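What follows is a short report on a single structure.
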2 protein chains.
Amino acid sequence: MILKSQVEWALHCCAILAGLPDGRYLSTKALAEFHGLPKEYLSKALQSLSQAGLVDTALGPSGGYRLAKPPADLTFLEIVEAVEGQQRTFVCTNIRANNPCRPKGYCESSPCAVARIMWEADEAWREKLRGVKLSDLVGILSKEIPPELWKSSFEWVLERAG
Amino acid sequence: MILKSQVEWALHCCAILAGLPDGRYLSTKALAEFHGLPKEYLSKALQSLSQAGLVDTALGPSGGYRLAKPPADLTFLEIVEAVEGQQRTFVCTNIRANNPCRPKGYCESSPCAVARIMWEADEAWREKLRGVKLSDLVGILSKEIPPELWKSSFEWVLERAG
DNA sequence: GTAAATAAGGATATTCTTTATCCTTGATTG
DNA sequence: CAATCAAGGATAAAGAATATCCTTATTTAC
């Protein structure tokens, strides 16, 4: 059970978009080049973000993507779910229903106890991701990335932002 | 990102094995029939439990599986990881290393911040599963399952336990 | 107005994982 | 000695992830 690589891509792209000056857009091409990713396939991940309403888009030259809201209002969970979907990691196929001892027509009152426990773990995962804002990530990165690299990356992006 | 169906199977099978009297074994055939699962493939899941040391096995007629330790000492996490593996759900491919602005030979001091955050969420998921014992599941089931069904299922199992 | 650049998205292909099924081997029981 | 079992190897089918290619409509810059 492994998350799509697009999740990683989307998170890194959002981190870059978070540094974009107001009103500017960054294209798929620039984001793909910056991260060394296949442009066409990265585009699918960005489309997922767009469909989820997390980013705004603009067409034409100088078009591209920008965040739809401030980084402090954008959670990891939103980004992860936009790409990965909202489905739970544990799917209950209700195998207890195959119990040969069950009376015919017997009907469960509630979801399977196994599923409920697994879903609680899922929820703990989501709750953790819900508690991390994109701005938190940017804060960490700004401390960890050497100032020169931070600056040159910022300039690299600005040169390409429409 | 969805867990293998074998995880569900393994959890339900362990719940059944938890009710087995001391020293008795239950075969793959019986477990498959009870849950309506393909015997050969369920066998792979049970082999995973065996390899992880969570169950003991016995060969020959009256052979099969039994828990290797008391249900109160067996966690959901152990069962899930035995089948699903211990790999994290988020794999960091270190795409930051593709940043065209990076000086050559530049080397990261620590794992990517994005990965660290995602791994914390993974750990929250694991921690939740680590906190649930197989005996907790049995306790819930014993309250939820109608007494007659509980009893007839127990007898069904006993008839087939070697 | 026109050419270039863009997002959106449909169609297709490739690779990998999951989900099986079948068969052999060696051990155990009655 | 025949039946039953776990273990595990080999193989196949189905589905998901990972791409690539192409068309369309829109926007910008000139």
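Lettering follows sequence order; numbering is per chain, from 1. This one's a predicted model, so the numbers in the text were calculated from it and none came from an experiment.
Between A:D56 atom CG and C:dA8 atom C1' the separation is 15 Å, expressed in whole Å. Spacing between atom NZ of B:K29 and atom P of D:dA3 amounts to 14 Å, rounded to whole angstrom units. Rounded to an integer number of Å, the gap from CE of B:M1 to C1' of C:dC16 is 17 Å. Here the C1' atom of nucleotide C:dT19 and the CG atom of B:L46 are 15 Å apart, to the nearest Å. When rounded to the nearest whole Å, the span between CG of B:L49 and C1' of D:dG8 equals 16 Å. If you take CZ of B:R66 and P of D:dA6, they are 13 Å apart, rounded to a whole angstrom. Straight-line distance from the NZ atom of A:K39 to the C1' atom of C:dT6: 8 Å, rounded to whole Å. Taking atom CD on A:E33 and atom P on C:dA5, their separation rounds to 14 Å, with Å as the unit.
If you find the closest nucleotide of DNA chain C to B:E84 and to B:S62, the one lying nearer the 5' end belongs to B:E84. Along DNA chain D, the nucleotide nearest A:G60 and the nucleotide nearest A:W9 are compared for position; the residue whose nucleotide lies closer to the 5' end is A:W9. Of the two residues near DNA chain D, A:L59 and A:Q6, the one whose nearest nucleotide lies more 5' is A:Q6.
Counting heavy atoms from C-beta on, the side chains of A:F34 and A:H12 never come closer than 4.5 Å.
With B:R96 as the fixed residue, the side-chain hydrogen bond (donor to acceptor under 3.5 Å, both in side chains) test singles out one of B:T93, B:N99, B:N94, B:N98: B:N94.
The side chain of B:P38 has C:dT21 as its nearest neighbour among C:dT21, D:dT20, C:dT29. Of the candidate nucleotides C:dA8, D:dC5, C:dA7, C:dA7 has the atom nearest to the side chain of A:T28. Checking C:dA11, C:dA8, C:dT6 against the side-chain heavy atoms of A:Q47 singles out C:dA8 as nearest. Of all nucleotides listed (D:dT20, D:dT27, C:dC22), C:dC22 comes nearest to the side chain of B:E40. The listed nucleotides are D:dA6, C:dT19, C:dA20; the one nearest the side chain of B:T57 is D:dA6. Comparing C:dT29, C:dG9, D:dG8 by their closest approach to the side chain of B:K44 singles out D:dG8.
Checking the phosphate oxygens (OP1, OP2) of C:dG9, no side-chain nitrogen or oxygen of A:S43 falls inside 4.0 Å. Taking side-chain N and O atoms only, A:Q51 has no distance below 4.0 Å to OP1 or OP2 of C:dA8. Between C:dT15 and A:Y41, no contact under 4.0 Å exists linking OP1 or OP2 to a side-chain N or O.
The pair A:K151-A:E155 meets the salt-bridge criterion, with a side-chain N (NZ, NE, NH1 or NH2) lying under 4.0 Å from an Asp/Glu carboxylate O. With salt bridges taken as basic N to acidic carboxylate O contacts below 4.0 Å, one links B:K69 and B:E78. Note on A:R126 versus A:E123: no salt bridge recorded, every NZ/NE/NH1/NH2 to OD/OE distance being 4.0 Å or above.
At the heavy-atom level, B:Y65 lies under 4.0 Å from the strands shown only through sugar-phosphate atoms. Within 4.0 Å of B:S5, counting heavy atoms only, lie sugar-phosphate atoms of the nucleic acid but no base atom. B:G64 comes within 4.0 angstrom of the backbone, heavy atoms only, and of no base.
Under a cut-off of 6.0 angstrom, the local environment of CD in A:E144 is crowded, with over 12 non-hydrogen atoms contributed by other residues, nucleotides or ligands.
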